[in-house]
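The structure appears right after this line, and notes come after that.
To find a chain, count down the sequence lines: A is the first, B the second, and so on, and within it residues start at 1.
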Amino acid sequence: MSKKFYITTAIDYANGSPHLGHAYEKVLTDIVARFRRMMGEEVKFLTGLDEHGQKVQMSAQKLGVSPLEVCDRLASEFQGLCRALRISNDDYIRTTEERHKAVVQDILQKLYDKGEIYKADYNGYYSVRQEQFVTEKEKVDGTWPEIFGEVTEVTESNYFFKLARYQDWLIDTIRANDQMIYPRFRSADVLQFLKEPLNDLCISRPKERLEWGIELPFDPDFVTYVWFDALTNYITAAGYGTDAFEQHWPADYHVIGKDILVPPHAVYWPIMLKALELPLPKHFLVHGWWLSSGSKMSKSSGEVINPLDLIDQFGADAFRYFVTREMNVGQDSEFSLDLFMSRYNSDLANDLGNLVSRLLNMGGRYTEGRVPPAEIEEAPEKQLKELWLKTSAELVPLFEDFQFHKALDRIFTFVSGINRYAETRAPWKLAKSETPADQAALRTSLATMAEALRLAVALLTPVMPEISDKIRGLVGAENFELIEGQLEWGNRLEGKALGEKTILFPRPERKVL
RNA sequence: GCCAGGGUAGCUCAGUGGUAGAGCAGAGGACUCAUAAGCCUUUGGUCGGCAGUUCAAAUCUGCCCCUUGGCACCA
């Protein structure tokens, strides 16, 4: 069996409803996955939910339900988001699943047997009210804030994973693989972190303090905490311990936010894999955050944009287009309703949607609802074909390099080119003329517009799958699996039926939200 | 404090040595197939600040300012 292209998102934490950040990461990963499929690769695309831990246990207590009920509810919310966004993941992992518990316990036992895990006393400051250890860092003006209540120094036995012994190896590995982290400048964050000596990692919690977790196989009084539970999902879903594993692992891309690169994904995870003698993931694709007036959009700032609202109102594809067009992968981006509306109205409704409308309408009026033959090739046609040649040559490299915002810019520049072409030929004027030359120009102009639209949406497909399919249907083109052979200008649409007049991106009747 | 990203037109951003760009927003115009859309023309910027290198700097160097993130057991 050949190796699949294995791509993952981070798994979401079951501690709140999905927001724009969750939605964005899934869309970004989905675009890479869809693009790779079009390029002919077999893809495994994983996303999922991280369900254990203190916060889940506490919110369950608060609601008076079991932790699993809390997780079930959130899992269906997050999976609903995936469906609403047309995310093409072919697996969804929940860390409470048996397949996952088995792998976590298996690797913990292996590492314990190898002497990579040991028991020791952990000394720290404990907040009874928050049921968690607090650090010096959380002090404000030399004392812990009121929300922590009474904080006492306690000593607790726990299990530790030997991180420190792999520090030099990790530094060498990251220096030697400058392609591992995209964008590259993020490697500097990792290396800076590794300048300080690593401490071993506390990986357990006593059950008396936290019972909502996976039990340590070698000590039933403890559950494992956070990292060995959450990060391990990537190999669980890859089929660790089964024949399928080699077909998936190593992952080609872990898509993550910039906040979880250091230390978990770039330090803990590689060292865990090294200790298990497994290959490292090939790449991390590290994206930025959505900002609102310069601050991170998050629940805590009370500026949650519920992506589902925009999706319901404007459609998954419009949402996907917006986040992809605005975000320079790796940087932060600005989000506002005004920006969204501006993109929706000018790019989608006015430029693309309206172009489809005018073609279908003219096709119905002038060429009996069919794509006519392209009979002549003069300056306007040559110019548009040249623009396409230039555009199409850029698109695949831009997609390969995650420059989706630029790829969309190029595609929509081409769409503008089609509108300009229509003005130049002015088929509505040609239609009033009886001369053979004008009639040939009329047929050519509609054929050219249809073919240009087919090409324009070819590489729009990973970003806007439904609209692209719909436009292909309307101009008489076939859907396709592979991009190969789809980017060349031709006359395959000649004689095909054009669709009924359709409004692809209706103008909002009133301002909602 | 240390490290890194960003600071370019009202807004969102392209632009790594050679006469400041795009889209949107604003203004004017011609057209009418179309979602009052599209097309053409146009207003608008001491390129964060101060020095320096150079014939030439948004672009290279230094210092400073603003902003975002990281600096471990919090995911």
Contact class for [X] vs. all strands (heavy atom < 4.0 Å): base, sugar-phosphate, or nothing?
X	value
A:Asn345	nothing
A:Phe412	nothing
A:Lys406	sugar-phosphate
A:Leu201	base
A:Phe185	sugar-phosphate
A:Leu261	nothing
A:Asn328	sugar-phosphate
A:Glu196	nothing
A:Asn199	base
A:Gln192	base
A:Leu504	base

Does [N] have OP1 or OP2 under 4.0 Å away from a side-chain N or O of [X]?
X	N	value
A:Arg365	B:rA34	yes
A:Tyr225	B:rA75	yes
A:Asn350	B:rA34	no
A:Asn354	B:rG38	no

- Parallel, tilted or perpendicular: ring planes of A:Tyr321 versus A:Phe412, cut at 30 and 60 degrees: tilted
- Item | Output field: ring centroids A:Phe314/A:Phe322 closer than 6.0 Å |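 They do not qualify: ring centres at least 6.0 Å apart.
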- Item | Identified pairing partner of B:rC63, criterion: Watson-Crick or G-U wobble below 3.5 Å |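 Paired with B:rG49.
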- Query: With both distances under 3.5 angstrom, what nucleotide forms a Watson-Crick or G-U wobble pair with B:rA57?
  - Reply: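 B:rA57 is paired with nothing.
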- By nearest-heavy-atom nucleotide on RNA chain B, the more 5' of A:Thr502 and A:Arg205 is A:Thr502
